[in-house]
Amino acid sequence: MKQEILTITENTPLTANVWRMKLEGDMSAIVKPGQFVNIRLDGLYLRRPISVCDWDEKELTLIYKVVGHGTEQMAGMKPGEKLDVLLGLGNGYDTALSGAKPLLLGGGVGVPPLYGLARKLIAEGKQVTAVLGFNRADEVFYEEEFKKLGAQVIVATADGSAGVKGFVTDALGDVDYTYFYTCGPEPMLKAVYKTCKTEGQFSFERRMGCGFGACMGCSCKTITGYKRICREGPVMKKEEIKWED
């Protein structure tokens with residue numbers, strides 16, 4: 001974990017309520033796709049955790065949905081403004097287990113962390129299929145960006161207005177894959193758990209207090225005991241997950 005003051009270089013809407021923010025500064029603390037950052041915002045007691053979409057040595061890309069006071073404040077920020085950010089939080093995805101044909105399944109704002117993952121897997125010579133799930137056609141984002149990386153992309157929408165009608169699990173069809181990675185709302189993750197037959201990794205979303213393991217507020221039960229989503233997670237392997245009612 002590293003604390004940095006970063007400069008906003010871009011903050012633009014991708015859909016009606018999903019925004020992309022780019023930040024400039026030292027990104028050396030981010031080492032794996034699937035990690036997240038924790039942003040301090042004026043007037044708000046708790047930092048806001050946001051998953052990392054992509055990064056290099058000097059630039060960070062975040063994609064976030066406006067759902068409350070914190071993200072609403074972020075949407076109003078302009079290039080040149082500064083943010084206090086904790087970088088390199090969470091364990092991230094392990095690409096060493098992917099096999100030759102990894103499958104990526106993302107739902108809504110669970111899509112962004114899979115972009116950096118796809119870029120890394122493709123750089124490693126893997127054949128990536130990305131299934132991106134949304135409610136409606138006007139909520140679809142980053143389809144073309146995944147294609148430009150070289151991934152095979154399948155879009156699913158709940159109302160059928162774009163791509164396959166249904167959820168990400170309805171879009172698998174004859175997809176041949178060796179391993180899977182997923183991120184999204186918990187009902188989607190449960191459906192992926194039941195549907196996908198290989199081993200895989202899940203990235204979980206939870207409300208966090210500190211974001212680095214001190215408060216224990218985001219703990220969840222696994223087959224080996226309680227783990228902190230912010231510290232031992234947010235990524236967990238399929239075989240260690242114990243679903244809570």
Side-chain angles (χ1 to χ4, degrees), residues 1-14 17-95 106 109-121 123 141-142 145 149 181 183 201 203-218 227-235:
M1 180 184 71
K2 189 176 182 181
Q3 184 175 9
E4 292 285 346
I5 303 300
L6 305 179
T7 303
I8 299 172
T9 59
E10 177 190 324
N11 195 26
T12 55
L14 300 178
N17 57 6
V18 173
W19 289 65
R20 177 174 61 199
M21 177 180 283
K22 293 189 176 183
L23 297 157
E24 191 174 68
D26 179 3
M27 306 301 164
S28 59
I30 305 172
V31 295
K32 276 188 177 182
Q35 290 186 303
F36 66 96
V37 301
N38 225 1
I39 299 174
R40 182 178 180 181
L41 296 167
D42 290 343
L44 299 176
Y45 178 69
L46 295 178
R47 290 177 180 261
R48 267 34 182 191
I50 306 288
S51 61
V52 172
C53 175
D54 200 19
W55 81 99
D56 58 25
E57 294 85 357
K58 295 183 178 180
E59 187 176 68
L60 170 69
T61 301
L62 305 176
I63 293 177
Y64 62 95
K65 185 176 183 179
V66 178
V67 293
H69 296 303
T71 45
E72 184 177 8
Q73 184 176 326
M74 287 174 63
M77 293 179 170
K78 306 297 182 185
E81 290 188 56
K82 308 283 187 181
L83 278 175
D84 181 325
V85 183
L86 298 179
L87 298 163
L89 300 171
N91 60 347
Y93 291 109
D94 184 354
T95 61
V109 286
V111 167
L114 300 181
Y115 177 81
L117 174 62
R119 180 172 64 81
K120 188 172 191 300
L121 288 166
F141 63 88
Y142 258 52
E145 284 79 356
L149 288 177
Y181 300 87
C183 183
Q201 295 172 38
S203 181
F204 286 87
E205 300 172 355
R206 288 288 172 92
R207 291 189 65 86
M208 297 179 185
C210 65
F212 49 83
C215 72
M216 306 296 291
C218 61
K227 293 188 176 181
R228 298 162 294 183
I229 293 293
C230 70
R231 186 77 174 185
E232 289 81 33
V235 177

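Excluded from the calculations below are hydrogen atoms, water molecules and symmetry mates; all remaining heavy atoms, backbone and side chain alike, are included.
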>> So, taking the atom named CG in Leu23 and the one named CE in Met77, what distance separates them when rounded to the nearest 0.5 Å?
In response: 9.5 Å

>> Rounded at 0.5 Å granularity, tell me how far OG in Ser51 sits from CG in Leu62.
In response: 7.5 Å

> Any idea which heavy atoms bring Ala118 and Leu149 closest together, and the distance?
Replying inline: CB-CD1, 4.0 Å

> For Ile63 and Cys53, which heavy atoms make the closest approach, and how far apart are they?
Replying inline: CD1-SG, 3.8 Å

>> Give me the atom names and distance for the closest heavy-atom approach of Val235 to Gly34.
In response: CG2-O, 4.5 Å

> About how many Å separate CG of Asn91 and CZ of Arg228, when rounded to the nearest 0.5 Å?
Replying inline: 11.5 Å

> Less than 4.5 Å apart, any side-chain heavy atom of Leu114 and any of Tyr142?
Replying inline: no

> Just by distance, do the side chain of Glu24 and the backbone of Thr9 share a donor-acceptor pair under 3.5 Å?
Replying inline: no

> Taking C-beta and beyond as the side chain, do Leu41 and His69 meet within less than 4.5 Å on heavy atoms?
Replying inline: no

> Just wondering, do Trp19 and Met74 contact through their side chains at under 4.5 Å, heavy atoms?
Replying inline: no

>> To the nearest 0.5 Å, what is the distance between CG on Asp26 and CG on Leu87?
In response: 8.0 Å

>> More than 12 heavy atoms of other residues, nucleotides or ligands under 6.0 Å from CG of Asp42: yes or no?
In response: no

> Quick check: are there more than 12 heavy atoms from other residues, nucleotides or ligands sitting under 6.0 Å from NZ of Lys2?
Replying inline: yes

>> A side-chain contact here means heavy atoms from C-beta on lying under 4.5 Å apart; do Pro33 and Trp55 qualify?
In response: yes

> Which heavy atom of Gln35 sits nearest a heavy atom of Gly88, and at what distance?
Replying inline: NE2-O, 3.5 Å

>> Other residues, nucleotides and ligands only: do more than 12 of their heavy atoms fall within 6.0 Å of CZ on Arg20?
In response: yes

>> Measuring from atom CG of Leu83 to atom CZ of Arg48, what distance do you get when rounded to the nearest 0.5 angstrom?
In response: 13.0 Å

> Got a donor-acceptor contact below 3.5 angstrom from the Glu4 side chain to the Val85 backbone?
Replying inline: no

>> Using side-chain heavy atoms (C-beta onward) and a distance below 4.5 Å, is Thr71 in contact with Lys65?
In response: no

>> My understanding is that only residues two or more places apart in sequence, or in another chain, count here; which of them pass ring-ring contact (aromatic ring centres under 6.0 Å, His included) with Tyr93?
In response: Tyr181

>> Does anything in residues 75-89 form a salt bridge (Lys or Arg N to Asp or Glu O under 4.0 Å)? List the pairs, not counting sequence neighbours.
In response: Arg47-Asp84

>> Applying side-chain contact (heavy atoms from CB on, under 4.5 Å) to Met1 and Asn38, what does each step give before you reach the verdict?
In response: CA-CA 10 Å; Met1 180 184 71; Asn38 225 1; over 6 Å; no

>> How about NZ on Lys32, more than 12 heavy atoms from neighbouring residues, nucleotides or ligands closer than 6.0 Å, or not?
In response: yes

> When rounded to the nearest 0.5 angstrom, what distance separates CZ in Phe36 from CG in Leu86?
Replying inline: 9.0 Å

